[in-house]
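Heads up, the thing below is written out as structure tokens.
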Amino acid sequence: QVQLVESGGGLVQAGGSLRLSCVVSGGTFSTYIMGWFRQVPGKEREFVARMNWRDSRTYYADFVKGRFTISRDNAKNTVYLQMNSLKPEDTAVYYCAADRLLRFGVRVNDYDYWGQGTQVTVSS
């Protein structure tokens, strides 16, 4: 069973940075698409970024291009989301997700496994 455990969230001032981590265990995750999503209360969960674990190709939502970077560390079985130039509107619970069927999607239903989420709060 694939397990995803996020960490690294917290409170940061606007313009600051945070790095989220997602430790992956179980399954053949080295063949998966790894994604990050975020959700605020009352709104749908939205796509942030994804990466093909095998070749590190990435794709980002327009609203984070140039500010966020998704990456991986094979030795640590970890996917990261480096978030720079944070804005108050980036405040959300951030979720790590894994797509084992290589859908290369941006929808929640394109992902099979989810972490528990980590809260990011950006103050103005």
Side-chain angles (χ1 to χ4, degrees):
Q1 181 68 24
V2 175
Q3 289 188 319
L4 310 176
V5 180
E6 302 102 329
S7 63
L11 174 64
V12 64
Q13 288 188 332
S17 298
L18 281 175
R19 188 177 76 162
L20 306 183
S21 300
C22 173
V23 178
V24 188
S25 61
T28 53
F29 53 83
S30 61
T31 64
Y32 294 169
I33 303 297
M34 300 301 300
W36 285 95
F37 286 72
R38 68 187 188 185
Q39 188 171 24
V40 298
K43 292 189 176 182
E44 293 186 351
R45 195 169 295 186
E46 65 177 354
F47 171 82
V48 174
R50 72 168 185 247
M51 185 188 68
N52 185 343
W53 194 298
R54 179 170 289 170
D55 62 13
S56 295
R57 282 188 295 173
T58 59
Y59 180 77
Y60 297 92
D62 287 343
F63 56 80
V64 301
K65 284 182 180 177
R67 299 190 300 126
F68 291 10
T69 303
I70 186 172
S71 63
R72 61 162 167 70
D73 184 329
N74 287 341
K76 296 182 179 180
N77 296 342
T78 301
V79 177
Y80 301 101
L81 185 67
Q82 177 67 44
M83 304 186 296
N84 299 327
S85 302
L86 283 162
K87 306 174 183 179
E89 51 264 43
D90 293 318
T91 295
V93 177
Y94 283 72
Y95 296 90
C96 178
D99 163 20
R100 65 183 176 88
L101 299 180
L102 305 184
R103 303 173 186 91
F104 289 90
V106 299
R107 302 173 305 164
V108 169
N109 289 343
D110 291 326
Y111 292 78
D112 306 289
Y113 306 103
W114 293 86
Q116 82 288 352
T118 185
Q119 176 70 48
V120 171
T121 304
V122 184
S123 63
S124 57

Residues 72-79 side chain polar contacts: donor-acceptor under 3.5 Å, at least two apart:
from: Arg72; atom 1: NE; to: Trp53; atom 2: O; distance (Å): 2.7
from: Arg72; atom 1: NE; to: Ser56; atom 2: OG; distance (Å): 3.4
from: Arg72; atom 1: NH1; to: Asn74; atom 2: OD1; distance (Å): 3.1
from: Arg72; atom 1: NH2; to: Trp53; atom 2: O; distance (Å): 3.2
from: Arg72; atom 1: NH2; to: Ser56; atom 2: OG; distance (Å): 2.9
from: Asp73; atom 1: OD1; to: Ala75; atom 2: N; distance (Å): 3.0
from: Asp73; atom 1: OD1; to: Lys76; atom 2: N; distance (Å): 3.3
from: Asn74; atom 1: OD1; to: Trp53; atom 2: NE1; distance (Å): 2.8
from: Thr78; atom 1: OG1; to: Lys76; atom 2: O; distance (Å): 2.7

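- A heavy-atom distance below 4.5 Å is not found between the side chains of Thr91 and Val120.
- Here Tyr80 sits alone; no ILVMFWY side chain lies under 4.5 Å from its own, so it joins no hydrophobic cluster.
- Partners of Thr121 under the side-chain hydrogen bond (donor to acceptor under 3.5 Å, both in side chains) rule, at least two apart in sequence or in another chain, are Gln119.
- A donor-acceptor contact shorter than 3.5 Å links the side chain of Glu6 to the backbone of Cys96.
- Qualifying salt bridge (charged side-chain N to carboxylate O under 4.0 Å, His left out) partners for Lys65, counting only residues two or more places apart in sequence or in other chains: Asp62.
- Side-chain contact between Val2 and Trp114 is absent, with no heavy-atom pair separated by less than 4.5 Å.
- Counting only residues at least two apart or in different chains, salt bridge (Lys or Arg N to Asp or Glu O under 4.0 Å) contacts with residues 22-31 are absent.
- Put simply, the side chain of Thr58 never gets that close to the backbone of Met51: no donor and acceptor are under 3.5 Å apart.
- Within the structure, the salt bridge (Lys or Arg N to Asp or Glu O under 4.0 Å) test picks out the following pairs touching residues 52-61 (sequence neighbours left out): Asp55-Arg57.
- Residues meeting the ring-ring contact (aromatic ring centres under 6.0 Å, His included) test with Tyr95, sequence neighbours left out: none.
- Under the side-chain contact (heavy atoms from CB on, under 4.5 Å) criterion, Val106 pairs with Phe47, Arg50, Tyr59, not counting sequence neighbours.
- No donor-acceptor pair under 3.5 Å is formed between the side chain of Gln39 and the backbone N or O of Ala92.
- Grouping Ile, Leu, Val, Met, Phe, Trp and Tyr residues whose side-chain heavy atoms lie under 4.5 Å apart, directly or via other members, leaves Val5 alone, with no other cluster members.
- Just one of Gln82, Lys87, Met83 meets the side-chain contact (heavy atoms from CB on, under 4.5 Å) condition when paired with Arg67; it is Lys87.
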Under 3.5 Å, side-chain donor or acceptor atoms of residues 9-34 against the rest of the protein: list the pairs with distances, not counting sequence neighbours.
from: Ser17; atom 1: OG; to: Asn84; atom 2: OD1; distance (Å): 2.9
from: Thr31; atom 1: OG1; to: Thr28; atom 2: O; distance (Å): 2.7

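- Taken from OH in Tyr60 to CH2 in Trp36, the straight-line distance is 12.5 Å, to the nearest 0.5 Å.
- Summarising the geometry, atom CZ belonging to Phe37 is positioned 12.0 Å from atom CG belonging to Leu81; distances are rounded to the nearest 0.5 Å.
- Remark: Arg107 pairs with Asp110 by the salt bridge (charged side-chain N to carboxylate O under 4.0 Å, His left out) rule, at least two apart or across chains.
- Arg38 pairs by the salt bridge (charged side-chain N to carboxylate O under 4.0 Å, His left out) definition with Glu46, Asp90, not counting sequence neighbours.
- With hydrophobic clusters built from ILVMFWY side chains whose heavy atoms lie under 4.5 angstrom apart, Tyr111 does not share a cluster with Leu4.
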